[in-house]
There are 2 protein chains.
Amino acid sequence: MGSDAKARAARVASRCGNQDANLFLRLLAASTASSVQAQRLLKSTGELTITEWRILWDTVEAGPLSVQDIALIQRSDHSLISRALPGMRSKGYITTKRSAEDKRNSLVHVTAKGRRAYERAAPVMKARRRALAKAFTADEMETFLGLITRFETHLAETSSDLETSRSHAVSV
Amino acid sequence: MGSDAKARAARVASRCGNQDANLFLRLLAASTASSVQAQRLLKSTGELTITEWRILWDTVEAGPLSVQDIALIQRSDHSLISRALPGMRSKGYITTKRSAEDKRNSLVHVTAKGRRAYERAAPVMKARRRALAKAFTADEMETFLGLITRFETHLAETSSDLETSRSHAVSV
DNA sequence: ACGAATTACGTGACAAGTCATATAATTTTT
DNA sequence: AAAAATTATATGACTTGTCACGTAATTCGT
């Protein structure tokens with residue numbers, strides 16, 4: 001390794017050390033790794049995407065649900081759910097029916113085929129959750145979730161401040 | 001609200017309560033919210049995407065860096081970095097030069113223009129980090145980061161087990 | 001009871017991230 | 001020194017997620 005490369009490696013190591021403490025980056029990396037694992041597991045047991053799996057899971061456990069319901073439970077955008085439905089319908093996993101009570105709602109029902117697809121994936125996904133529960137004590141998990149909640153609250157509270165702070169910083 | 005809708009609302013509430021304790025989902029939601037905030041802030045101060053911002057930040061602090069270096073620091077895939085470079089080059093933020101020592105390495109250098117773009121965004125991004133540092137004590141942050149590290153380690157350790165556990169569960 | 005605001009859903013446009021694969025340069029093995 | 005393995009980069013194909021906007025249905029205010 002040349003001396004330039006050696007110096008660069010030192011800079012990289014130092015920078016890595018810094019960024020290891022960057023919560024924003026660390027959260028992103030952890031959540032990405034988690035999604036990648038889930039995707040891999042789903043691929044190994046069937047043909048479900050993560051989005052499809054989550055929709056099946058929720059509707060099996062608590063269905064029928066509207067698009068908005070599912071998005072709320074998953075803390076995601078309704079469009080993500082909405083977009084997954086036509087594919088799931090054409091695969092025969094679900095049916096959707098406008099609610100008689102409120103015709104804006106499109107209620108998602110699982111079919112027998114959808115339930116079978118869910119049941120193929122469920123054991124591994126359950127094992128995954130069980131393994132996680134074993135890796136952390138109940139106290140630790142509570143602490144972890146509490147910190148995440150505080151982080152989210154913090155984001156919500158500071159977002160508007162930060163967006164206007166720029167002009168303040170300039171004018172003050 | 002009709003009785004069907006009321007029953008559905010109850011199921012949703014119960015399901016939400018369950019999923020609030022789902023670390024996988026919670027991490028994803030938190031990291032997504034964080035990225036959304038960063039994207040918004042960057043948009044308000046300039047025209048940088050998150051990826052461009054991170055690349056500028058790293059190269060300003062520790063450049064010149066290779067594609068691989070940057071990916072390592074950001075715990076991301078090298079292709080994400082690689083793909084962002086042509087645009088940044090054409091905007092005049094960076095130049096890339098094959099390393100003389102190892103011609104595989106493409107070294108990213110920040111230009112004066114790139115540095116100015118960085119400096120426009122930097123104050124808000126710094127304020128963001130400062131606000132976060134105020135929201136958590138040093139101890140809490142250490143705990144948080146430690147839990148994330150353990151989560152990542154856990155994922156790495158269990159991934160292969162889980163992928164094969166399926167066949168075991170069937171055969172045993 | 002009518003007009004205004006809200007809510008639900010769908011869809012286009014985009015950013016961010018992955019993996020697989022190809023190619024070139026380097027290092028390791030024999 | 002040639003062959004084999006590894007490493008760095010680039011790129012195509014894909015999933016996941018956002019936001020903005022349009023339209024239809026509902027609710028709210030007067």
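Every chain is numbered from 1, with letters handed out A, B, ... down the list of sequences. Because the structure is predicted, anything quoted here is derived from the model rather than measured.
- Closest heavy-atom contact between B:Ala131 and A:Thr158: CB-CG2, 4.3 Å.
- Crowding of B:Glu142 atom CD: a count of heavy atoms from other residues, nucleotides or ligands under 6.0 Å not exceeding 12.
- A search for side chain to side chain donor-acceptor pair (under 3.5 Å) contacts involving A:Arg89 returns A:Thr96, not counting sequence neighbours.
- B:Asp4 is linked by a salt bridge (Lys or Arg N to Asp or Glu O under 4.0 Å) to nothing, counting only residues two or more places apart in sequence or in another chain.
- In this structure, CG of B:Asp77 is placed 11 Å from C1' of D:dT9, rounded to the nearest angstrom.
- Side-chain nitrogen and oxygen atoms of B:Arg40 include none within less than 4.0 Å of the OP1 or OP2 phosphate oxygen of C:dA15.
- For B:Glu47, the side chain to side chain donor-acceptor pair (under 3.5 Å) test picks out B:Tyr93, with sequence neighbours left out.
- Taking a 4.0 Å limit (strictly below) on heavy-atom distances, residues 24-38 of chain A reaches DNA chain C at A:Leu28, A:Thr32, A:Val36.
- Considering only residues two or more places apart in sequence or on other chains, B:Asn105 meets the side chain to side chain donor-acceptor pair (under 3.5 Å) condition with none of them.
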Measure all distances between protein nitrogen or oxygen atoms and nitrogen or oxygen atoms of nucleotides 13-15 of chain D, and list the pairs falling under 3.5 Å.
unit_1: D:dA13; atom_1: N6; unit_2: B:Arg83; atom_2: NH2; d: 3.3

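- Heavy atoms of B:Ser82 sit under 4.0 angstrom from at least one base atom.
- For the atom pair CD (A:Gln68) and CD1 (A:Ile73), the distance works out to 11.0 Å, reported to the nearest 0.5 Å.
- The CD-C1' distance, from B:Gln68 to C:dT26, rounds to 14 Å in whole Å.
- Taking B:Arg11 as the reference, nothing meets the side chain to side chain donor-acceptor pair (under 3.5 Å) condition, with sequence neighbours excluded.
- What separates CD of A:Glu101 from P of C:dT7 is a distance of 18 Å, to the nearest Å.
- As rounded to whole Å, 11 Å separates atom P of D:dT9 from atom CG of B:Leu65.
- Rounded to an integer number of Å, the gap from A:Asp69 CG to C:dT7 C1' is 13 Å.
- Between B:Gln37 atom CD and B:Ile50 atom CD1 the span is 10.0 Å, to the nearest 0.5 Å.
- Rounded to whole Å, atom P of C:dT7 lies 19 Å from atom CG of A:Leu107.
- Considering only residues two or more places apart in sequence or on other chains, A:Arg116 meets the salt bridge (Lys or Arg N to Asp or Glu O under 4.0 Å) condition with none of them.
- Residues forming a side-chain contact (heavy atoms from CB on, under 4.5 Å) with A:Ala133 (at least two apart in sequence, or on another chain): none.
- Side-chain proximity of A:Arg98 to C:dC9, D:dT9, C:dT18: nearest is C:dC9.
- Scanning both residues, A:Ala117 and A:Leu48, for their nearest heavy atoms gives O-CD1, 3.9 Å.
- Of all the residues in residues 85-94 of chain A, not one reaches under 4.0 Å from DNA chain D with any non-hydrogen atom.
- Distances shown here put a side-chain N or O of B:Asn105 below 4.0 Å from the OP1 or OP2 atom of D:dT9.
- Using a 4.0 Å cut-off between a side-chain N of Lys or Arg and a carboxylate O of Asp or Glu, A:Arg75 and A:Glu152 qualify as a salt bridge.
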Sequence neighbours excluded and cut-off under 3.5 Å, please list the side-chain donor-acceptor pairs for residues 77-88 of chain B, or say none.
unit_1: B:Asp77; atom_1: OD1; unit_2: B:Ser79; atom_2: N; d: 2.9
unit_1: B:Asp77; atom_1: OD1; unit_2: B:Ser79; atom_2: OG; d: 2.5

Are there any protein N/O atoms within less than 3.5 Å of an N/O atom in nucleotides 23-25 of chain C, and if so, which ones and at what distance?
none

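- One interatomic measurement links the two molecules: CG of B:Leu80 to P of C:dA20, which rounds to 17 Å at whole-angstrom precision.
- Residue whose closest nucleotide on DNA chain D sits further toward the 5' end, between A:Ser99 and B:Ile81: B:Ile81.
- For a distance-only test at 3.5 Å, the side chain of A:Ser79 fails to qualify as a donor-acceptor partner of the base of C:dC9.
- For A:Gln74 and D:dT16, the CD to P distance is 11 Å, given to the nearest whole Å.
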